[in-house]
Each structure stands twice: as structure tokens, then as C-alpha cells.
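Below is one structure, written out as C-alpha cells, with a few remarks after it.
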Amino acid sequence: MTVLMEVNDLKVAYGKIEAVKGISFTVETGQIVCLVGTNGAGKTTTLRTLSGLIKPRGGSITFDGQPLGTVPAHKIVSLGLAHSPEGRHIFPRLTIAENLQLGAFLRKDKEGIEKDVQRAYELFPILGERRKQAAGTLSGGEQQMLAMGRALMSRPKLLMLDEPSMGLSPLMMHKIMSTIAELKAQGMTILLVEQNAQAALSLADQAHVMEIGKIVLSGTGQELLHNEDVRKAYLGED
Amino acid sequence: MHELPQQLANGLALGALYGLIAIGYTMVYGIVQLINFAHGEIFMIGGFGALTTYTALPSGTSLLVAIPLMILGGALASVAVATAAERFAYRPLRSAPRLAPLITAIGLSIALQQLVWQFYPDAKKAVTFPEFTGKAFQITDNLAIQRSDAFVLALAPLCMLALGVFVSKSRSGRAMQATAQDPDTAKLMGINTDRIIVMAFAIGAAFAAVAAVAYGVDKGQINFEMGFILGLKAFTAAVLGGIGNIYGAMVGGVVLGLAEALSIAYIEEIPGMQQLGGGAWANVWAFVLLIVVLLVRPQGLLGQRVTDRA
């Protein structure tokens with residue numbers, strides 16, 4: 001296994017408030033690495049920093065052998081790092097097909113793009129049925145599918161998914177989680193942020209628990225799933 | 001009512017002019033939520049750029065040859081000033097509270113007026129602009145269309161059509177829509193949103209230069225203050241049509257132009273309103289219309305409520 005991403009002592013602040021207080025972790029090719037933790041733990045801030053939307057205050061990010069800290073956000077996707085943001089953020093007034101094509105904005109291979117659009121429709125048939133519809137008219141779960149499909153359109157080496165199950169029905173959540181497992185089986189490397197710890201940890205190779213800006217516990221998904229503190233804090237057991 | 005067709009034609013021509021300028025307000029607002037109050041001056045600078053170009057041409061050049069070159073020269077000047085304003089005045093304030101760029105825009109507007117007043121030769125009073133000569137096109141016995149009106153009536157739809165195709169079909173246009181709808185996510189797609197913002201300013205400035213040439217050949221003169229009231233009217237048109245919507249800008253412009261033309265002609269014929277008609281009251285009725293529309297449809301005529309679920 002080779003290390004695809006290495007995050008070392010990453011610090012991020014909004015003005016004087018430090019949201020991420022020096023975290024370190026690595027993502028190896030082919031793994032699912034999961035960050036779990038409550039609201040405000042700094043998980044989303046971490047992902048937004050990795051994709052360049054926020055500049056880090058300190059520490060380093062190395063992706064595929066290249067330092068990322070100062071690379072502007074719009075150049076990061078071309079390095080092979082795709083980000084499906086929290087709250088999905090599809091482009092509501094563009095059609096589903098147009099949203100998917102924007103995911104491949106920097107690619108020039110027309111035929112490859114068309115093939116990948118078809119692949120997204122195979123992965124999520126509902127998107128194919130509604131390809132000409134404005135994305136804002138989709139349900140929450142369908143928007144999540146679109147956001148994931150769009151992120152895949154850049155053919156990333158690493159896919160970052162922020163809260164893909166947020167606000168979804170149990171059925172839809174199951175569909176999203178099984179899609180993540182399917183992507184892993186195809187060899188995709190995934191950095192997953194989730195509040196739904198049960199589902200996320202059972203998929204994860206490596207997992208880290210974040211609390212107010214720090215990683216407080218790390219291990220394999222299975223280890224954390226059976227860790228007593230985690231069970232109490234995140235899986236609602238007492 | 002005998003002169004109704006004529007009034008409608010006048011209103012349409014005025015509206016087309018408003019619409020061309022309004023595009024600049026609406027595109028910039030659609031992408032960075034800034035009311036660029038210096039846009040009226042961008043229009044004015046387009047006019048002076050066109051005039052400078054005309055002066056540089058050999059004397060006796062036919063207007064048919066000169067006008068495309070004047071539009072080009074005017075657009076060069078207006079685009080240069082607009083993109084410089086974006087880069088050096090607005091971009092540093094992009095994450096500042098919204099009042100800061102707004103006040104900057106007003107300051108910039110005054111500064112640009114004064115710069116032209118000070119440094120453009122003879123601009124301390126109105127300067128002569130090449131005027132369309134030749135007879136109006138007599139369509140029927142109660143409808144004659146001035147050449148300058150025909151010019152703007154032909155050019156405005158053409159510009160709109162080109163812009164519409166660009167925004168909906170081209171790769172840059174798609175990127176522009178994405179940036180308007182969600183700038184951070186647009187960056188995640190690999191879109192250089194700074195470049196898109198510059199592009200929005202540039203397109204608005206180029207359209208303003210077209211409008212300035214149309215205005216100049218109609219009036220036969222331009223002046224350093226002309227951007228103020230026309231800018232305000234065009235801004236009104238943009239709000240009327242639904243700010244952020246490019247077709248709304250044209251629709252708002254036309255509605256405003258028609259309202260002005262019809263109010264000038266007909267308000268004074270309404271019994272008891274003799275005192276409230278004529279040209280002096282045209283601006284009043286234009287803004288009354290704006291207020292009424294905003295009361296009934298705050299999002300403007302074509303403004304849409306965002307279809308954005310959960």
C-alpha cells in the first residue's frame with residue numbers, strides 16, 4: 001500500500017478561533033478512511049482545507065507526492081482530489097446532465113466524459129431518468145447521488161465525501177452506503193466524514209474520532225466500532 | 001391615439017438602450033452580489049473611447065465604416081476600466097461586509113467622472129459626437145423610425161441573442177452559471193472563479209460601450225455626467241426585470257422605456273392629471289412603475305425564487 005495523502009499537524013483557524021488544532025493522519029491507496037465526531041469537531045473544516053477552500057494556518061498536506069497547502073482550490077481537482085461537499089451543493093438551476101458535465105470541467109476527452117456520464121447513470125439510474133431536469137427539483141437523496149456522481153466525473157484518485165447520509169431516509173442512506181462500498185470494491189480511495197458512525201465505521205479501513213479540533217482516538221473501523229467509549233459517545237449505547 | 005405606434009417605437013428604442021446597460025448591472029450582481037454603481041461611468045467611458053476612436057480616423061470616413069471601429073474602441077476603453085476596477089477596487093473587498101464594496105463603487109463613480117472632466121480635452125462641457133444624418137425610415141404615415149433608433153433596435157436583440165447563446169451553450173458560460181449559483185462548489189469543479197468574475201465585468205462593459213455609441217449617434221453629443229441618470233435608469237430596469245437574470249434586464253429595459261414614452265404622451269390626457277404629464281414627469285412615472293412592480297413582485301418580472309430543496 002502506498003500513502004496517497006499525508007496530513008501532518010494541520011491547523012486551521014477562522015480569525016482567532018482555531019477550528020482544527022493540529023491533526024495528522026494518512027490515507028493509503030484503496031482505503032476508506034473515516035473521520036467521525038460530533039457537530040463542530042472540525043471534520044468539515046478539515047475537508048474544506050484539503051480541497052483548498054480554506055487556507056491552513058499551519059502544518060502540511062501532501063497529496064500524491066505534492067504539497068497542497070498553497071495550491072488554489074480550482075487547481076486541486078486536476079491533481080486528482082475530488083470533494084463532494086456537506087449539504088450536497090448541486091447547482092440547482094442547471095440540469096442533472098449539466099451538473100455531471102461540470103464535474104468533468106477540466107477534462108478534454110469528450111468521449112471519456114460521455115462514457116463516465118453513462119457510468120454515473122448506471123450507478124444511479126434515477127439520475128439517468130431525470131437527466132434533463134433541473135437539479136434543484138431532486139429529492140435530498142437524489143441530490144446526494146448527483147453530488148457523488150459529479151465528484152466522480154473528474155476521475156479522482158481520492159474521493160472526499162462530507163456527510164453523504166445527512167438528512168436521508170434510512171432506505172436512501174442504505175443505498176448511499178452500499179454505493180460507497182461498491183466504489184471501494186472498484187478500487188476507489190475514499191476519505192469519508194460521517195456523523196452516522198455505525199454505518200461509516202463498518203465500511204472504514206482506518207478511522208479517527210475528532211473532538212473540538214483534535215483527533216482523540218484512531219484505529220481500524222472494526223476496532224472503533226467495538227471501542228466502549230465510541231459506542232457510548234457515538235452509537236447511543238450506555 | 002393616432003401617434004400610438006410612434007410612441008411605442010420611441011419607447012422600444014429607449015428601452016433597448018436601457019437594457020443594454022442593464023446587462024452590466026445584472027451580470028455582476030448575479031455573480032458577486034454587488035451593485036456596481038460605477039457602471040454608469042463605464043458606459044460614459046465607452047462613449048469617450050468611441051469618440052477618441054472616431055477622432056483618430058481620417059476625416060470624411062463614412063459612419064458605416066466608423067461605427068464598428070468606434071464600438072471596438074469604446075469597448076476597449078470600457079472593458080479596460082471595468083476590469084481594472086474589479087481587480088484593484090472590488091476584489092480586495094470581496095470578503096468584506098457588503099457595504100464596503102458598495103461605497104467603493106459610489107466613490108469610483110465620482111472619481112471616474114472627475115477624471116474624464118479633468119483630462120479629456122474639452123470634456124468640461126458636452127462634446128460633439130458624430131450623429132446619424134439622413135432621413136428617418138417612414139414606415140406608415142404615423143410611424144417614422146429615426147436611423148439611430150433603428151440602429152439600437154437592431155443591435156440590442158443581436159447582443160442579447162449572442163449573450164444568451166454564450167451563457168447557455170459555451171463552456172465558459174456554463175462555468176459562469178455555476179459560479180453564480182454556488183461559487184465555492186464551482187471552485188471544487190476546477191473553475192477559476194476569479195476569471196469568471198472578470199469576464200462578467202468585461203461583458204457588461206462591452207455592452208455598455210455599444211449602448212454609449214447608440215446614445216451618442218442619437219443625441220449628437222456626449223458628456224462626462226451622462227452615466228449618472230442613464231446608469232440609474234438601467235439599474236432600475238435590471239431590478240424591474242429581476243436582477244441577476246440577463247433576459248430580465250432586457251425585459252425590464254423595454255418595460256421602463258415604454259412606460260416613459262407612454263407617460264410622456266398620455267398622462268396629461270387623463271382628466272385631472274394635466275399637470276403630471278410630459279417629459280418633465282417621465283422619470284417620476286418610471287420610478288412609480290418600479291415601486292408598484294416591487295410591491296407586487298419583489299423578485300422582479302423575470303426574477304425567480306430559487307428552486308433549491310434541502
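Below, chain A is the first sequence line, B the second, and so on; all start at residue 1.
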Taking all non-hydrogen atoms of both residues into account, name the closest pair between A:Ser51 and B:Leu188 and its distance. OG-CD2, 3.5 Å
Flag side-chain contact, heavy atom, 4.5 Å: A:Met153 against B:Met189: no
If you count every heavy atom of other residues, nucleotides or ligands that lies below 6.0 Å from A:Lys55 atom NZ, does the total exceed 12? yes
In terms of heavy-atom contacts, does CG of B:Leu295 have more than 12 from other residues, nucleotides or ligands at under 6.0 Å? yes
Please check if the number of heavy atoms outside A:Glu111 that lie under 6.0 Å from its CD is greater than 12. no
Taking CZ in B:Arg98 as the centre, count heavy atoms belonging to other residues, nucleotides or ligands within less than 6.0 Å. Is the count above 12? no
Are there over 12 heavy-atom neighbours, none belonging to B:Arg195, within less than 6.0 Å of that residue's CZ? no
Within the structure provided, determine whether B:Asp184 and A:His89 are in side-chain contact (heavy-atom separation under 4.5 Å). no
Would you say A:Glu98's side chain and B:Arg174's backbone share a donor-acceptor pair under 3.5 angstrom? no
Heavy-atom proximity to chain B below 4.5 Å, by part of A:Leu53: side chain
Neighbour count >12 (heavy atoms, 6.0 Å) for atom CZ, A:Arg119: no
Provide the closest heavy-atom pair for B:Gly190 versus A:Phe105 in the form atom of the first, atom of the second, distance. O-CD2, 3.9 Å
For a 4.5 angstrom cut-off between non-hydrogen side-chain atoms, does B:Thr185 reach A:Leu102? no
